[in-house]
Structures are given as structure tokens and as C-alpha cells.
Amino acid sequence: MPELPEVEAARRAIEENCLGKKITKALIADDPKVIDGVSRADFEASLLGKTIVSAHRKGKNLWLRLDSPPFPSFQFGMAGAIYIKGVAVTKYKRSAVKDTDEWPSKYSKLFVELDDGLEFSFTDKRRFARVRLLKDPASVPPISELGPDALLEPMTGDELFESLSKKKIAIKTLLLDQSYISGIGNWVADEVLYQARIHPEQSAASLSKENYGNLHKSIKEVIEYAVQVDADSIQFPGEWLFHFRWGKKPGKVNGRKIDFITVGSRTTAYVPELQKLSGQQAARAGSKQANKRKGHGDGVNDDVNEAASDEEVNLSVQSKKGRKPRGQGKRASAKRKSMESDDEDNANDSEDDDDDDNDDRHDEDQKNKTRKVTNNKQSKVEKTSKKTVQTSQNSKKKKKAK
């Protein structure tokens, strides 16, 4: 899905090709799920005759500043993409609008024609994106609730050390938290942790000073390089984990095996030989493996990744009882709901043709497991209830007979 490098590539394409030009035509899709809080007519009227002054980004959000407000804002979701006719803009797996397709695409949510004839479109095949019309996009959610941008507002080494040392949560789960740092999604987090040689389940607070230094360096290098090549994965270094990230089966990078685990409910690629748990977590993991070999089972509660385990267990509870996940704390409610996160709600869009994606399969499996458990419990309750009613009726019949 689009993360900071992909959205930055879209922003730069707009900046290089569309600034100073007047909007002469605007077509907005009749899709209230994506077009948020404004009618088609009002949206189109607000764009016509306006000049594009600048393009801005924070995290995975993009907005265009016109010569007068309001301004269009784009939250890319899982498959949002900017296309400029005749201009090569980064294409990633889920956008998949081909050059041979109709123009504008049937998936277009906003189409604009400029006074020099140039046309661009924001598309979304999966309908998880949000397109808004706002007076000041940066001052309202979701953008106002984002943490510092990983590219534009990088933390210093000391700031990173200070903030991580207080977080007793799996490091990958924290990196995916857009209120902590914005722009890092699933593939960037995996790449950063691989390059830093840090296990994705390692507690942030337990990282060594060497880990902190490597992590700070990796965040900077991975994001800057991905942005430098306009998020074109073909140009990524061959030793990057990214090239193997979406394989259905574990592969190898530099001759070393890649495994897939689940961290914070997300499919996670890592190299066990290079990314090892340390400290007490390593001891617990070793104890668990020993128990497995002795035939004591694999344990229901994974204390190696308490944060991730709590989150997954509570997500199951939430789906059954409507409760909020405990793992996210009291402040999770309103803020998290409006936050754009790499964990956007389970992708099960009928239009999707990328059914080999590991994350989608994992999310769907989780939903099916939850449904199965819930249905089984409901069935047991119904059977018990029927038995109780039957017993009561039989008892009444006996009394009448007497």
C-alpha cells in the first residue's frame, strides 16, 4: 500500500507538472464513502477556476493549496494513487491502473483538467481512501493528529532514544503508530528493522544503545533512498528485504532465510539469522522452544511479544463483545479512529484482484476464525437454552399428570 515514499512521489509529480495552472474542469465521483463530507456539486464548484499554488504532504496524506480555500486533501488509504496523463508517476501493486485502461479510470474519485490541457486523477480501487475539501487540511484530523513526519521532521538520535526508552511495546508496532511517527508503513518498517538488524517483536524500551543508533540511521537511509528513486521498487538495492516482502512463501536475501510472522496484527517479514530477540525476551523465547521440544505444547500466550499478543487477543474480544482493545490504552478511542494507519480495516473489497497479498489473507483468516469461534459459542448457547426449556416443559407435564 502507499507509504511515505509513494505519496511523496505523487506530491513531487504534482509539484513538477501542475503548479501555476488553472483548473478548467473537475469531475468528482458519486462515492460518499471516499468523497468525505461534501457533495459532488459543491466539490466541483470549489475547484473550478482555481489555480494550483503548491502541493503538500505529511505522513501518507497529500493536499493541494489553491489560490483560495477550501483545498482538496487526499488520504491514500490502501490503494489511493495519483495519475497524470502522459507523466510517469510511481505505480504500486494495489493501484494497478494500466496505461491501456480507459481514461479517466473507472476507479477515478477526482479528475481535473488544467488550462494547458494537462489532466490528472486520484484513483482508488479499494475505496479505503478519503478525499476531503478543507479550509486548512493541516489543522484538522487526520493530519493534525499525526506524529512528526519521518522525512520532513526526523527525530535526532537523542530524541529517538529518549522516546523509545519509555515504550514497552514491540518496536514494529510502535513504528506503525502514525501518532508516534508518520509515514512509516508495513514495508518500510520491515525494511528499516532488517537493515538495523532488530527483531520486529523486540520491546522498544529494551533496545540497546547500539540498536537505537542503527535504527535512527536505517529510518533515515531507507526513507531518503526510496524517495530519491521516486519509490520505484525496481531501483531499490538488491539486498533490500523489500524485493521478497510480498512472496507467498519464505525466500532468501543474501542467502539467508526470510520468515513471516505476525506483529501487531500485521504480516511481518524478517531474517531470523540476523534479527534476533535479546535480553529477557530471548530467554523466554528459548524457554518456549524447550517446552515445545519436550512436548508441552507451544503455549497460548506469547509473552515474547506481549504488546502484539494483547492486541490480537483483544481484537477478537472486540469483535465478539464490542469492547475496545485494551492494548491501545485509554487514549486510543477518538484519536485512533480518525488516524490513518497501515492497519486500515480488514481489506475485503470485491473489486480487489490482488488476492495473493499476505496481509489481506492474514486479516481475512483472523475474521473467519473470529466468526467460527463466535458461531460455535452461539450454537452451544442455543443448544443449552433448548435443553433448559425442554426440561422445564417435561417437568410441568409430570406435575399435571400427578
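At least one side-chain heavy atom of Asn186 sits less than 4.5 Å from a side-chain heavy atom of Lys172. When side chains are defined from C-beta on, Cys18 counts as touching Leu114, because their heavy atoms get closer than 4.5 Å. Residues Trp187 and Pro5 are in side-chain contact: their nearest non-hydrogen atoms beyond the backbone lie under 4.5 Å apart. Side chains of Leu193 and Leu215 form a contact here, defined as non-hydrogen atoms less than 4.5 Å apart. Asn214 has its side chain out of reach of Arg197: every pair of non-hydrogen atoms, C-beta onward, lies at least 4.5 Å apart. Ile52 has its side chain within reach of Leu66: a pair of non-hydrogen atoms, C-beta onward, lies under 4.5 Å apart.
Under 3.5 Å, the side chains of Tyr180 and Ser163 contain a donor-acceptor pair of N or O atoms. Side-chain contact, Ser206 with Gln202: a donor N or O sits under 3.5 Å from an acceptor N or O.
In this structure a side-chain-to-backbone donor-acceptor pair under 3.5 Å is missing from Asn61 to Ile143. In this structure, the side chain of His216 does not engage the main chain of Asp158 through any donor-acceptor pair within 3.5 Å. No side-chain donor-acceptor contact under 3.5 Å links Glu201 to the backbone of Val263. No donor-acceptor distance shorter than 3.5 angstrom exists from the side chain of Asn254 to the backbone of Arg256, with no hydrogens or angles considered. Side chain of Glu119 to main chain of Val112: no donor-acceptor pair is present (N/O by atom type, distance under 3.5 Å, no hydrogens or angles). At least one donor-acceptor pair closer than 3.5 Å links the side chain of Ser182 to the backbone N or O of Gly147. The backbone N or O of Ile234 lies less than 3.5 Å from a partner atom in the side chain of Asp232, making a donor-acceptor pair.
Annotation for Ala170 and Pro200: closest pair CB-O, 3.8 Å, computed over non-hydrogen atoms. For Tyr225 against Pro237, the heavy-atom pair with the smallest separation is CE2-CD, 3.5 Å. In terms of heavy atoms, Glu3 sits closest to Ile184 at OE1-C, 4.2 Å. Annotation for Asp177 and Ser179: closest pair OD1-OG, 2.6 Å, computed over non-hydrogen atoms. Residues Ser108 and Ala29 come closest through the heavy atom pair O-CB, 3.5 Å. The shortest non-hydrogen separation linking Pro2 to Gly80 is CG-O, 3.8 Å.
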- Task: Decide side-chain contact (heavy atoms from CB on, under 4.5 Å) for Leu62 and Ile82; before the verdict, give the C-alpha distance in whole Å, the side-chain angles of both, and the deciding distance to 0.1 Å.
- Result: CA-CA 10 Å; Leu62 168 72; Ile82 290 286; 4.1 Å; yes
- Message: Using the rule given for side-chain contact (heavy atoms from CB on, under 4.5 Å), can you reason through Arg132 versus Gln75, listing the C-alpha separation, both sets of side-chain angles and the distance that settles it, and then say yes or no?
- Response: CA-CA 8 Å; Arg132 302 178 175 94; Gln75 187 176 344; 2.8 Å; yes
Is there a side-chain contact (heavy atoms from CB on, under 4.5 Å) between Asp42 and Leu133? Walk through the geometry before answering. CA-CA 9 Å; Asp42 288 346; Leu133 191 65; 5.7 Å; no
*Would Tyr107 and Tyr83 count as a side-chain contact (heavy atoms from CB on, under 4.5 Å) if you check the C-alpha gap in whole Å, the side-chain angles of each, and the deciding distance to 0.1 Å?*
CA-CA 11 Å; Tyr107 302 113; Tyr83 286 87; over 6 Å; no
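Taken to the nearest 0.5 Å, the CG atom of Leu152 stands 7.0 Å off from the CG atom of Leu4. With rounding to the nearest 0.5 Å, the separation of CG in Leu277 from CZ in Arg284 is 9.5 Å. Atom CG of residue Leu47 and atom CD1 of residue Ile23 lie 5.0 Å apart, to the nearest 0.5 angstrom. Between the CZ atom of Arg40 and the CG atom of Leu110 there is a distance of 11.5 Å, given to the nearest 0.5 Å. Distance CG/Leu241 to CD1/Ile258: 5.0 Å, rounded to 0.5 Å. Taking CG of Leu176 as the start and OG1 of Thr268 as the end, the distance is 7.5 Å to the nearest 0.5 Å.
For the pair Lys60 and Phe74, the cation-pi test (distance below 6.0 Å, angle within 45°) is failed. Remark: Lys109 fails to qualify as a cation-pi partner of Phe122 under the 6.0 Å distance and 45° angle criteria applied to the six-membered ring.
More than 12 heavy atoms of other shown residues, nucleotides or ligands fall within 6.0 angstrom of atom CD in Glu159. For Glu239, the CD atom is densely surrounded, since the number of other residues' heavy atoms within 6.0 Å is greater than 12. Applying the 6.0 Å contact sphere to NZ of Lys220 captures no more than 12 heavy atoms from other residues, nucleotides or ligands.
Arg130 and Asp36 are not joined by a salt bridge, as no carboxylate oxygen comes within less than 4.0 angstrom of a charged side-chain nitrogen. Look at Lys58 and Asp149 and you find no salt bridge, because none of the NZ, NE, NH1 or NH2 atoms lies under 4.0 Å from a carboxylate O.
Take Ser208 and apply the side chain to side chain donor-acceptor pair (under 3.5 Å) test, not counting sequence neighbours, and it matches Asn211.
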Name each donor-acceptor pair under 3.5 Å that joins a side chain in residues 8-15 to protein atoms two or more places apart or in another chain, with its distance.
unit_1 : atom_1 : unit_2 : atom_2 : d
Glu8   : OE1    : Arg11  : NE     : 3.1
Glu8   : OE1    : Arg57  : NE     : 2.7
Glu8   : OE2    : Arg11  : NE     : 3.3
Glu8   : OE2    : Arg11  : NH2    : 3.0
Glu8   : OE2    : Arg12  : NE     : 2.8
Arg11  : NH1    : Glu15  : OE2    : 3.1
Arg11  : NH1    : Ala55  : O      : 3.2

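Relative orientation of the Phe111 and Trp103 rings is perpendicular, given thresholds of 30° and 60° on the angle between their planes.
Legend: ring-ring contact (aromatic ring centres under 6.0 Å, His included) pairs involving residues 39-60, not counting sequence neighbours, sorted by first then second residue: His56-Trp63.
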